[in-house]
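Structure first, commentary second.
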Amino acid sequence: MLTIGLMHYLVVAAVLLCGGIFVMATKRNAIGILMGVELVLNSANVNLIAFDRYLCRAGIDGQILALFVIVLAAAEAAIAVAICVNFYRVLATIDVDRATKLQG
Amino acid sequence: MSLKAYILALAPELIVLFGACLVLLLGRRDLRRQPPAAPLAAFVTLSVALGVAFLTGVPEEPRLVPGLWLGGLTFYIRLIGLAVGAVLVLVNWHQAVEDERGEYLSMILFSLLGVLLTASADDLLVLLFALELVSVPTYVLIALSRSSHRAGEAAVKYFFLGALATALLAYGLSFLYGVMGTTALHRVTDAGVVSTLGGGSALETYALIGLLLVFAGVAFKMAAVPFHVYAPDVYEGAAAPVTGLLGFAPKAAGFVALLRLFDACAWDLPQHLFWLLWIVAAATMTVGNVVALLQTNVKRMLAYSSIAHTGYILIALLVGPATGEGPLRDGVAAVLFYLPVYGLMNLGAFALIGAFRIDEREPETLDELAGLARRAPAESLTLGVFVFSLMGFPPTAGMLAKVFVFGSAFSAGSAHPHRLALIVLAVIGVANAAIAAAYYLRIVTAVYMKNEGCRCLPAQGGPIRLGLLACALPLLLVFVWPGALTHEARRASAHVHPPTLRLAAPALTDPPPTPVAITARTVATSTAGQP
């Protein structure tokens with residue numbers, strides 16, 4: 001019978017990470033890119049919890065760190081939405097491909 | 001431990017925190033009639049915090065506050081962070097819409113608070129959050145700095161790349177946590193993690209992945225190649241006075257975070273990581289300087305120069321702590337000396353651009369600055385100081401900073417495992433400093449040698465002129481009397497790697513919840529590490 005081990009969780013996290021980076025690279029909508037960021041942050045959470053469960057049984061440091069990463073993600077989302085609203089007010093779109101004023 | 005002891009130990013940080021909240025409130029409607037209230041409060045906060053930090057001196061009990069390590073590095077970063085911060089507030093006195101000035105200035109204070117906390121971080125959690133506290137306010141600052149859509153665009157670009165960097169940093173830290181078995185940095189060496197490296201075990205792979213990703217996240221904040229692409233766009237889009245902050249706070253926090261991490265690894269970096277950093281340092285210097293040669297926009301030119309300076313500081317970081325006697329051998333002290341000097345000269349150069357207006361906006365291209373010396377001789381003279389300092393010419397502190405960095409690499413003792421590689425890197429650095437002179441001199445030539453009438457008008461306000469003076473004078477004074485700053489930098493560097501303290505560390509802290517589990521794990525990994 002297959003037992004789920006540390007490596008399975010790490011693979012899931014790595015898939016989430018790659019998915020998140022792929023989303024960030026391909027989405028043109030700013031909110032879509034934000035979703036990619038959330039995926040990457042959550043891959044870190046999966047890692048933290050898995051390490052906490054399988055390798056670092058001494059304390060709950062990993063779980064606490066994961067909780068704080070969730071807080072961090074929420075704070076970043078708040079800033080992201082504010083910045084997107086600001087962007088929308090000047091350009092009337094949140095399509096980031098329209099951000100072409102600065103190029104060198 | 002009593003609450004009073006905690007408050008005393010963290011007094012400068014707490015003053016900045018409360019000051020930031022106060023400044024945020026002062027920007028609100030009722031108090032709007034007194035425009036200078038918010039900037040004045042911000043300036044007073046930073047001055048008081050600087051005074052308190054200076055008077056309390058180097059904290060005596062490093063492990064007083066859980067999760068923090070208060071030592072010489074804390075003291076040094078408090079001094080330079082708060083001093084450069086006070087100048088930043090002067091320079092940003094009239095920036096942003098009047099209604100939003102409270103938010104704007106409080107963001108500067110929060111960002112500086114992040115720099116101070118990074119220097120004391122002794123826990124992965126604190127490190128991650130301190131670095132975020134530096135970055136998140138800068139996203140807001142860029143968007144608030146001016147109501148042009150270039151600022152909005154710069155904020156979007158900076159935010160999304162910054163968020164990716166943070167996410168990679170968190171992912172990397174999760175691997176480091178897995179290897180260390182704890183989030184406390186000072187237990188890394190105790191747990192024998194470093195000694196397991198090189199055995200080819202799974203943990204070694206995790207440690208390497210973790211360190212690489214953490215370095216990628218931090219490299220973004222320092223604007224090191226290949227994570228530098230955002231810098232020119234963001235520097236161009238943001239108002240010049242904010243750009244001065246972008247060149248100091250994230251860069252300083254990034255280098256200090258790397259110092260803390262490498263210190264936790266006892267400066268025993270894995271071979272791959274050393275060579276990766278070597279390549280990054282060489283590429284960062286070269287790309288920054290060569291591309292800067294092609295620029296005509298002064299802000300973009302200074303952005304590439306900022307990238308190049310990251311490369312120079314990386315050289316000294318690779319040298320690491322002193323490997324023998326000698327005034328120049330200490331790479332860590334060279335990094336610490338470079339940070340405030342770079343912060344001031346870069347801030348000064350951007351502040352000067354912000355001190356003028358041309359058609360209601362900042363002058364940006366070399367042509368727009370041409371002939372400035374005739375219109376504003378005093379300001380042009382300070383620009384001369386900043387440019388010569390960035391170039392590394394006497395009589396400015398920029399020259400000393402470069403001498404310390406390159407000197408630390410050239411004089412790395414034979415005990416250093418990578419002596420030859422460091423000398424090659426320093427030679428690349430010296431060649432780069434020579435290339436850099438070409439574009440820096442173009443700025444001076446434009447300002448002094450061109451005779452065309454300059455259309456620049458002085459912008460509003462005396463504080464920004466005071467700020468220019470506060471940037472230029474220290475650069476000259478430090479050249480004449482470098483003793484005070486170098487002494488402090490060396491003292492901080494001596495605290496960065498305290499071997500005696502590290503051995504004593506477990507005794508000073510609370511015992512880990514189940515020490516047996518950690519030991520068992522360590523034994524298991526060290527045996528797994530051996531073939």
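Sequence lines set the chain letters: A, B, ... in the order given, protein chains first and strands last, and positions in each chain run from 1.
- Checking side-chain atoms of N47(A) against main-chain N and O of S174(B) turns up no donor-acceptor pair under 3.5 Å.
- Nearest heavy-atom pair across G178(B) and L55(A) is O-CD1, 3.5 Å.
- Using a 4.5 Å cut-off between heavy atoms, L39(A) does not touch chain B at all.
- With a 6.0 Å radius and a threshold of 12 heavy atoms from other residues, nucleotides or ligands, F68(A) has its CZ atom at or below the threshold.
- Using modelled atom types, one finds a donor on one side chain and an acceptor on the other under 3.5 Å when comparing Y177(B) with D52(A).
- Looking at heavy atoms from C-beta onward, L168(B) lies in side-chain contact with L17(A) at the 4.5 angstrom threshold.
- The neighbour count for R361(B) CZ, taken as heavy atoms of other residues, nucleotides or ligands under 6.0 Å away, is above 12.
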**Message:** Evaluate V37(A) against L164(B) for side chain to side chain contact (heavy atoms under 4.5 Å, CB included), listing each step before the verdict.
**Reply:** CA-CA 6 Å; V37(A) 175; L164(B) 177 62; 5.6 Å; no
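- Once rounded to the nearest 0.5 Å, the distance linking CG of D61(A) with CE of M180(B) reads 9.0 Å.
- We find the CZ-CD distance between F160(B) and E76(A) to be 10.0 Å, quoted to the nearest 0.5 Å.
- With respect to chain B, the highest number of heavy-atom pairs below 4.5 Å among N45(A), I83(A), V69(A), V40(A) belongs to I83(A).
- Of the two parts of L34(A), the backbone and the side chain both hold a non-hydrogen atom closer than 4.5 Å to a non-hydrogen atom of chain B.
- The minimum heavy-atom distance between Y171(B) and A14(A), with the atom names listed, is OH-CA, 3.6 Å.
- When heavy atoms are compared at a cutoff of 4.5 Å, Y206(B) approaches chain A solely by way of its side chain, counted from C-beta outward.
- Only the side chain of L128(B) comes within contact range of chain A, judged by heavy atoms closer than 4.5 Å.
- Atoms CZ and CG, from F159(B) and N86(A) in turn, are 13.0 Å apart once rounded to the nearest 0.5 Å.
- Neither the backbone nor the side chain of A66(A) comes within contact range of chain B; no heavy atoms are under 4.5 Å apart.
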